[in-house]
Amino acid sequence: DITKISTNYTNELIGAIDSDGTFLSMHFNSSYNGTQSLLVKKSNVIDFCYLNSNLVATGCKDGAMNVYDPLLHPTRNVIFK
């Protein structure tokens, strides 16, 4: 079940959280073709916000906050933990 869905200020990115705490961000181009830009599986995410056109901050049930840059390689996309 989706618990939250939101877009960034330019409406090019759309993010969603499900009841398992998985966060997914999709990027849409002018042709409305969506590509996955970030997937954080079962990490207890309860909230998120887009900080700018690339960065996204997530809040978790345990109080942790992470900032991701989906333009970086998946092994290095957490830029603040």
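One-based numbering along the sequence shown. Bear in mind the structure is a predicted one, so any value in this text is a computation, not a measurement.
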Which atom of Ile46 lies closest to which atom of Lys61, heavy atoms considered: CG2-CG, 3.2 Å
Provide the closest heavy-atom pair for Ser37 versus Pro70 in the form atom of the first, atom of the second, distance. O-CB, 3.1 Å
CD1 of Ile14 to OG1 of Thr7: how many Å apart, nearest 0.5 Å? 6.5 Å
Linking I/L/V/M/F/W/Y whenever their side-chain heavy atoms sit closer than 4.5 Å, directly or via other members, would Leu51 and Tyr9 fall into one cluster? no
If hydrophobic clusters are built by linking Ile, Leu, Val, Met, Phe, Trp and Tyr wherever their side-chain heavy atoms come under 4.5 Å apart, do Ile5 and Leu39 end up in the same one? yes
Quick check for you: to the nearest 0.5 Å, what is the distance between Gln36 atom CD and Leu24 atom CG? 5.5 Å
In this structure, CG of Asn44 is separated from CG of Asp62 (nearest 0.5 Å) by 6.5 Å
Distance-only polar pair, side chains of Thr22 and Asp20, donor-acceptor under 3.5 Å: no
Does atom NZ (Lys41) have a neighbourhood of more than 12 heavy atoms from anything else shown, all under 6.0 Å? no
If you apply the rule side-chain contact (heavy atoms from CB on, under 4.5 Å), what do you find for Met26 with Thr35, and how did you get there? CA-CA 6 Å; Met26 300 282 291; Thr35 57; 5.8 Å; no
Would you say the side-chain atoms of Thr3 and Ser19 include a donor-acceptor pair closer than 3.5 Å? no
Could you state the interatomic distance from CZ (Phe80) to OG1 (Thr58), rounded to the nearest 0.5 Å? 10.5 Å
Do you know which two heavy atoms are closest between Cys60 and Ser43, and how far apart they sit? SG-O, 3.5 Å
Tell me whether Ser6 contacts the main-chain N or O of Gly15 through its side chain, where contact means a donor paired with an acceptor under 3.5 Å. no
If I take atom CG from residue Asp18 and atom NZ from residue Lys4, how far apart are they, to the nearest 0.5 angstrom? 14.0 Å
Does Val56 sit in a hydrophobic cluster with other residues, and if so which ones, taking ILVMFWY side chains as linked at heavy-atom separations under 4.5 Å, directly or through other members? Leu13, Ile17, Phe23, Leu38, Val40, Val45, Phe48, Tyr50, Tyr68, Val78
Spacing of CG belonging to Asn77 relative to CG belonging to Asn66, to within rounding of 0.5 Å: 10.0 Å
